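Only heavy atoms go into these numbers, but all of them, side chains included; no hydrogens, no water, no symmetry mates. Everything numeric here is computed off the predicted structure, so don't read it as measured data.
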Amino acid sequence: MYNIYQDKYIANRKSLIRVICRTRQWSGLEESNVFKWLDNFKDTFGKFIATKLLIHGIYYSENNIVTLLDHGISQLIHSQNIKQDLIKTDNILLHRTETNALLLNMVARSAFIPLLDDAKPGESANQMMRYLIQKLGINSSQTFFINDLKDDNIKNFDTIIFIDDCIGSGQQLVKFFSRSNVKKKIQTAIENNIPIYYLILTGYIKNIEAIRLHPDLNPINIIACDELNEIDKVFNRKNIIWYNNDEYEEANQYFINLEKEFGINQFGYANLDFSVFIHNTVPDWSLPIYWMENADWVPLMKRKNSNLF
């Protein structure tokens, strides 16, 4: 009886997947790739769990990314600063047109820097910068690679905003801001009373909070547009993916066996286990079943380290 239910679930959700793929609701996921990936799972239960994970995954489309970037810059950074300034001056009744003008001016007085080691066009932070210019109307003169950001550039702006797509473990962030050339630029901003922000689309709240306490990042205001919680982790019994504890336990054992048989790790980078996709890519802290590749396993979406993990 249970297998009959699982078969019906798979058939029903496959129809839904076809609709989702054909209407481009899943950025970068093609219908043919989804079904090839599902063929990795040789038994009904495996296909059933894989389908559930995919349906319950968190997807950030291109439109989602642009909306979150706009929200982060306008609301989470500048509007909050405007609000605090108005409260300090006891001027909370300022007309909306005036606050909008203040907001536009603050955005125009911001410098934006992608969090990356160099100018590689394929890196996600670079893509964020393209969205700023092409979708949000940020002037290209406000964007800099870190090596091009000179002291005079810094002093011309009122706010410095580093941009990236997500925080998994946060190690890349710590490494970036520990570089001597980056430290010098941060110091210049501090000496000129220019606030510094690190804006990301999404990340695991526990690691975000830990990074905020890192001693080397004290001058940096870390802002996440969307925060993933413990309950969003796949291998959390309280995740809505799981019908009951028995299903969770069976699925957990299934993944343990999958790792032994196919070499596909149960957990992603930094021992994380989210089901997250970000327009045309999947973070390495998402489940490795999505992106790992070997002779026996076809990935759903490839990463540059798909066969190196």
With no hydrogens and no angle check, do the side chains of Tyr204 and Glu227 hold a donor and an acceptor under 3.5 Å apart? no
Can you spot which of Phe144, Phe145, Tyr197, Phe177 makes a ring-ring contact (aromatic ring centres under 6.0 Å, His included) with Phe162? Phe177
Closest approach of Tyr59 and Leu29, non-hydrogen atoms and distance? CE2-CD1, 3.5 Å
Please find out if less than 6.0 Å separates the ring center of Trp285 from that of Tyr269. no
Looking only at side chains, do Tyr60 and Asp226 share a donor and an acceptor under 3.5 Å apart? yes
Could you go step by step and tell me if Ile278 and Asn64 meet the side chain to side chain contact (heavy atoms under 4.5 Å, CB included) rule? CA-CA 9 Å; Ile278 302 176; Asn64 294 148; over 6 Å; no
Scan side-chain atoms only and decide if Asn252 and Gln266 contain a donor-acceptor pair under the 3.5 Å cut-off. yes
For Met292, does its backbone N or O pair with a side-chain atom of Arg303 as donor and acceptor, under 3.5 Å? no
Can you tell if the side chain of Glu249 reaches within under 4.5 Å of the side chain of Asn245, non-hydrogen atoms only? yes
Non-hydrogen atoms of Ser74 and Leu103 that approach each other most closely: O-CD1, 3.5 Å
Is it true that the side chains of Thr23 and Gln25 contain a donor and an acceptor less than 3.5 Å apart? yes
Are Leu38 and Leu16 connected in the hydrophobic side-chain network, where two residues link if heavy atoms are under 4.5 Å apart? yes
Output, in order, the C-alpha distance, side-chain angles, deciding distance and verdict of side chain to side chain contact (heavy atoms under 4.5 Å, CB included) for Ile167 and Thr202. CA-CA 7 Å; Ile167 282 182; Thr202 188; over 6 Å; no
In the structure I gave you, are the side-chain heavy atoms of Cys225 and Ile200 within less than 4.5 Å of one another anywhere? no
Measuring only between side-chain heavy atoms, which start at C-beta, is Leu132 closer than 4.5 Å to Ile73? yes
So, does Asn229 use its side chain to make a donor-acceptor pair with the main chain of Ile231 at under 3.5 Å? no
From Glu62 atom CD to Arg24 atom CZ, the distance as rounded to the nearest 0.5 Å: 12.5 Å
Check each of Asp70, Val66, Leu136 against Tyr131 using the side chain to side chain contact (heavy atoms under 4.5 Å, CB included) test, and report the only one that passes. Val66
Is there side-chain contact between Leu300 and Val282, with heavy atoms separated by less than 4.5 Å? no
In terms of relative ring orientation, are Phe262 and Trp297 parallel, tilted or perpendicular, with 30° and 60° separating the classes? tilted
What closest approach, in Å, do Leu228 and Ile58 show between heavy atoms, and which atom pair accounts for it? CD2-CD1, 3.6 Å
Taking atom types as modelled and ignoring hydrogens, do the side chains of Thr188 and Asp151 form a donor-acceptor contact shorter than 3.5 angstrom? yes
Distance, nearest 0.5 Å, that separates CG of Asn280 from CD1 of Ile65: 8.5 Å
Just wondering, do His279 and Asp165 contact through their side chains at under 4.5 Å, heavy atoms? no
Can you measure from CG (Leu199) to CD1 (Ile220) and round to the nearest 0.5 angstrom? 13.0 Å
List the atom of Ile49, the atom of Ala251, and the distance in Å for their closest heavy-atom pair. CD1-CB, 4.0 Å
Stepwise, does the side chain to side chain contact (heavy atoms under 4.5 Å, CB included) test hold for Gln171 with Val174? CA-CA 5 Å; Gln171 293 178 18; Val174 174; 5.8 Å; no
Phe41 and Ala50 have their tightest heavy-atom pair at CE1-CB, 3.4 Å
Assess whether atom CZ of Arg109 is packed by more than 12 heavy atoms of other residues, nucleotides or ligands within 6.0 Å. yes
Taking side chain as C-beta onward, heavy atoms only, is Leu272 less than 4.5 Å from Asn207? yes
Any side-chain to backbone donor/acceptor pair from Asn153 onto Lys150? Under 3.5 Å, distance only. yes
Ignoring hydrogens and geometry, is there a side-chain-to-backbone donor-acceptor pair from Thr143 to Ser140 under 3.5 Å? yes
With Tyr290, which of Ser275, Pro283, Pro299 fulfils side chain to side chain contact (heavy atoms under 4.5 Å, CB included)? Ser275
Tell me, do Leu53 and Ile289 make a side-chain contact under 4.5 Å, heavy atoms counted? yes
What pair of heavy atoms forms the shortest contact from Met301 to Thr281, and how long is it? CE-N, 3.2 Å
Taking Arg22 first and then Glu31, would you say they form a salt bridge - that is, a charged N and a carboxylate O separated by under 4.0 Å? yes
Could you go through the side chain to side chain contact (heavy atoms under 4.5 Å, CB included) check for Phe277 and Ser286 one step at a time? CA-CA 8 Å; Phe277 298 84; Ser286 272; 6.0 Å; no
Any donor-acceptor pair under 3.5 Å linking the side chain of Lys185 with the backbone of Leu149? yes
Compute whether any side-chain donor of one residue and acceptor of the other, for Asp232 and Asn239, lie under 3.5 angstrom apart. no
Can you pull out every side chain to side chain donor-acceptor pair (under 3.5 Å) where at least one residue sits in residues 37-54? Sequence neighbours excluded, please. Asp43-Tyr254, Lys52-Glu247
Is there a side-chain contact between Ile211 and Leu217, using heavy atoms and a 4.5 Å cut-off? yes
To the nearest 0.5 Å, tell me how far Met128 CE sits from Cys166 SG. 9.0 Å
Cationic N near anionic O, under 4.0 Å, Lys155 to Glu191: no
Set out, in order, the CA-CA distance, both residues' side-chain angles and the distance that settles salt bridge (Lys or Arg N to Asp or Glu O under 4.0 Å) for Glu293 and Lys302, then state yes or no. CA-CA 8 Å; Glu293 180 180 23; Lys302 287 189 178 183; 3.4 Å; yes
Just verifying a value: how many Å separate Arg13 CZ and Arg18 CZ, rounded to the nearest 0.5 Å? 13.5 Å
Tell me if the aromatic rings of Phe255 and Phe235 count as close, with their centers under 6.0 Å from one another. yes
Identified ring-ring contact (aromatic ring centres under 6.0 Å, His included) counterpart of Tyr9 within the set Phe48, Tyr243, Phe45: Phe48
Tyr248-Ile55 co-clustered via ILVMFWY side chain contacts under 4.5 Å: yes
Listed partners of Gln253 passing side chain to side chain contact (heavy atoms under 4.5 Å, CB included), at least two apart: Ile256, Asn257
Going by distance alone, is a donor N or O of one side chain under 3.5 Å from an acceptor N or O of the other, for Asn63 and Ser61? no
So, the side chain of Trp242 versus the backbone of Val234: is there a donor-acceptor pair under 3.5 Å, distance only? yes
Just how far is it from atom CG of Asp216 to atom NZ of Lys183, taken to the nearest 0.5 Å? 5.5 Å
Taking atom types as modelled, is there a side-chain donor on Asp164 or Tyr198 under 3.5 Å from an acceptor on the other? yes
Does atom NZ (Lys233) have a neighbourhood of more than 12 heavy atoms from anything else shown, all under 6.0 Å? yes
